[in-house]
Amino acid sequence: MVALACSMLQLPAQKFQGLAMTPPMGWNSWNKFACNVSEQLIRETADAMVSSGMKDAGYEYVVIDDCWQVSRDSLGFIVADPKKFPSGVKALADYIHSKGLKFGIYSCAGAQTCGGRPAGRGHEYQDAISYAKWGVDYLKYDWCNTNKLNAEGSYTTMRDALHEAGRPIVFSLCEWGDNKPWLWAKEVGHLWRTTGDIFNCFDCVEDHGTWKSWGVMQIVDKQEGLRQYAGPGHWNDPDMLEIGNGMAVNQDRAHFSMWCMLAAPLISGNDLRSMSQQTRDVLSNKEVIAIDQDSLGVQGFRQMVKDSVETWLKPLRNGEWALCLLNRSKSVRNVELDWKTFSVIDKLSNRTLDTTGKEIYKLRDLWLKKNTGDTRKPLKAIIPGQDVQCLKIFK
Ligand code: GLA
């Protein structure tokens, strides 16, 4: 009996299995609101997620990023800002759950968060208990102020702490790709950032002096070589969405399409309470979301580049494929694709798309939401600058 009890206690810690089997979808406060968070904002966002149809489109996690925390109490437990969160975190989590949504929170592996708030280092098990008690479903864990800490070790400590606390929590590593988390984080978390922060710009780099943030195209380029590491329960995270934060609608559409082709987590980062119909239409296009959420869980790839137009492909379940033509230039491009000469083998997923033979595939334009013929005739696409055409290819 004693031996049995001991062996039960020694169950090895691990990440929670069976979570994030498709890339997580939700909203996070950082891109739009930075440190300006409050329970009112989070409640109103949860309301808007339901009333706007975002929840219906699959968005689920409502995540407070940095700056909800102010101090630790005399016993070392983390304390939420009493002015911004007067009802406390538990009540907020309950509210979000009452809407049929899930609740996420942020901390950091260093002693302080990137915003200078108290963070997890040395308090991992204690914080995990608070999160479990409050009803947290998702933890984003940052990498500021970590000095010489070992990344795999630090994130593993937090993973073990979450496991010990016993509440299934999606663990999102925000380590910016510095220590190549794709090589070790599959057993640690459910998603890991692959790059530094996104910047609300389609094609530019923002230099902050000691660090840089990256436009949408720059982030896409940084995903090269990483697709083999992603799959159900363990995703590459190219950072949160900037859709609705000021880019032109064509740029937003291209941004969203690429994140879906990359099987990226879809974490919206705009003000859901006041978004335009146009923004809502991009974020909640269910046919494009279905590409991201496809249960095969294979990240897409860039198959060809010609005259600033990239051809992206993503194998889907049931032998279907998604194809996006991404025009990175600022001017319109006329693209012709002759299916009679189009044959692609994806060694990673062991899937072939071959339209050269007798097999006829149908085409559906995922932004026009219309079937647009089949592979018997060459595809002729007119693609405006910094825009996409995305097709589903199916039998
Ligand atoms: C880092 C992260 C961001 C955000 C901020 C908060 O920069 O990469 O996503 O969480 O910290 O301070």
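One is the number of the first residue; the rest follow in order along the sequence. Heavy atoms only: backbone and side chains are in, while hydrogens, waters and symmetry mates are out. Remember, it's 1-based here, ligands and their atoms both numbered in the order they're listed.
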> Is any side-chain heavy atom of F256 less than 4.5 Å from a side-chain heavy atom of D292?
Replying inline: no

>> Give me the nearest non-hydrogen protein atom to atom 3 (C) of ligand 1 as residue plus atom name, then the distance to 0.1 Å.
In response: D197 OD2, 3.5 Å

> Any nitrogen or oxygen of W30, main chain or side chain, under 3.5 Å from a nitrogen or oxygen of ligand 1?
Replying inline: no

> Once you find the SG atom in C144 and the one in C114, is the distance between them below 2.5 Å?
Replying inline: yes

> What do you reckon, C324 and C390 SGs under 2.5 Å?
Replying inline: yes

> Is T113 in contact with ligand 1, taking contact as a heavy-atom separation below 4.0 Å?
Replying inline: no

> Identify the closest protein heavy atom to atom 4 (C) of ligand 1: which residue and atom is it, and at what distance?
Replying inline: D65 OD1, 3.5 Å

Listed pairs under 3.5 Å, donor-acceptor, residues 335-343 side chains, sequence neighbours left out:
{"residue": "D338", "atom": "OD1", "partner": "K340", "partner atom": "N", "Å": "3.1"}
{"residue": "T341", "atom": "OG1", "partner": "D338", "partner atom": "O", "Å": "3.1"}

> Considering only the protein, which heavy-atom contact is closest to atom 9 (O) of ligand 1, and what is its distance?
Replying inline: K140 NZ, 2.7 Å

> Does W176 have a heavy atom less than 4.0 Å from any atom of ligand 1?
Replying inline: yes

>> Listing request: all side chain to side chain donor-acceptor pair (under 3.5 Å) pairs with a residue in residues 240-252, at least two apart in sequence or in separate chains.
In response: E242-N245, Q251-Q386

> Between C174 and ligand 1, which residue portion shows a heavy-atom distance shorter than 4.0 Å: side chain, backbone, both, or neither?
Replying inline: side chain

>> I'd like to know whether CG of L368 has more than 12 heavy-atom contacts from other residues, nucleotides or ligands below 6.0 angstrom.
In response: yes

> Can you list the atoms of ligand 1 that are under 4.0 Å from a heavy atom of G115?
Replying inline: 12 (O)

> Between D142 and ligand 1, which part of the residue brings a heavy atom under 4.0 Å of the ligand: side chain, backbone, both or neither?
Replying inline: side chain

>> Please list the nearest protein heavy atom to atom 12 (O) of ligand 1 with its residue and the distance rounded to 0.1 Å.
In response: D66 OD2, 2.8 Å

>> Please give me the minimum heavy-atom distance between M49 and E60, naming the atom from each residue.
In response: SD-N, 4.3 Å

